[in-house]
Amino acid sequence: FITGSRIRNSRDQTLKHDVELVIEARLYRAEDHVLIWESGTITASDTYVADNQDEALDYVVQLAAQKLADRLGHSF
């Protein structure tokens, strides 16, 4: 996870937070542990205000999992 905070400009009164999840997955054949598939880098991110941190974290995990499933589905 990567997180950060920012105010967009001098008129913005709300502190915004960013969360980013970067994952990679690999599948290996069970018999001989030969690599059969790599996902490549998958990134999911969201911006939230302080009260919504848990929702943002849940969202990026779900988004990354969906992107991973989509890539896997397109490969096979």
Side-chain angles (χ1 to χ4, degrees):
F1 279 103
I2 300 168
T3 61
S5 302
R6 64 182 151 67
I7 295 178
R8 292 185 189 260
N9 58 50
S10 61
R11 294 181 187 175
D12 193 353
Q13 299 297 313
T14 304
L15 181 62
K16 306 284 182 172
H17 302 276
D18 300 313
V19 61
E20 181 177 70
L21 174 62
V22 180
I23 63 172
E24 292 183 13
R26 294 177 185 89
L27 294 179
Y28 295 89
R29 192 167 45 220
E31 301 84 37
D32 54 10
H33 301 286
V34 170
L35 179 66
I36 58 172
W37 181 78
E38 287 185 276
S39 67
T41 302
I42 297 170
T43 304
S45 61
D46 194 20
T47 300
Y48 63 96
V49 293
D51 294 345
N52 297 333
Q53 181 179 14
D54 290 342
E55 290 175 19
L57 295 174
D58 288 346
Y59 173 74
V60 296
V61 169
Q62 289 177 353
L63 182 59
Q66 182 62 52
K67 288 182 175 185
L68 177 60
D70 289 346
R71 281 198 192 173
L72 183 58
H74 289 265
S75 296
F76 290 99

Student: What is the minimum heavy-atom distance between His17 and Val49, and which atoms define it?
Tutor: CD2-C, 4.0 Å
Student: What distance separates Tyr48 OH from Lys16 NZ, expressed to the nearest 0.5 Å?
Tutor: 12.5 Å
Student: Using a distance-only test with no angle check, is there a side-chain donor-acceptor pair under 3.5 angstrom linking Glu24 and Ser39?
Tutor: no
Student: Is there a side-chain contact between Asp46 and Asn52 (heavy atoms, below 4.5 Å)?
Tutor: no
Student: So if you build clusters from Ile, Leu, Val, Met, Phe, Trp, Tyr with side-chain heavy-atom gaps below 4.5 Å, do Leu27 and Ile42 land together?
Tutor: yes
Student: How close do Lys67 and Thr43 get, counting heavy atoms only, and between which atoms?
Tutor: NZ-O, 2.6 Å
Student: Using 0.5 Å steps for rounding, measure from the CD atom of Glu38 to the CZ atom of Arg71.
Tutor: 11.5 Å
Student: If you look at every heavy atom in Ser45 and Tyr59, which pair is closest and at what distance?
Tutor: O-CE2, 4.0 Å
Student: Looking only at non-hydrogen atoms, find the nearest pair between Asp70 and His74 and report the distance.
Tutor: O-CD2, 2.5 Å
Student: With a 4.5 Å cut-off on side-chain heavy-atom distances among I, L, V, M, F, W and Y, is there a chain of contacts connecting Leu21 to Leu72?
Tutor: yes
Student: Please write out which residues are connected to Val34 in a hydrophobic cluster, directly or through intermediates, given that two of Ile, Leu, Val, Met, Phe, Trp, Tyr count as joined at side-chain heavy-atom separations below 4.5 angstrom.
Tutor: none
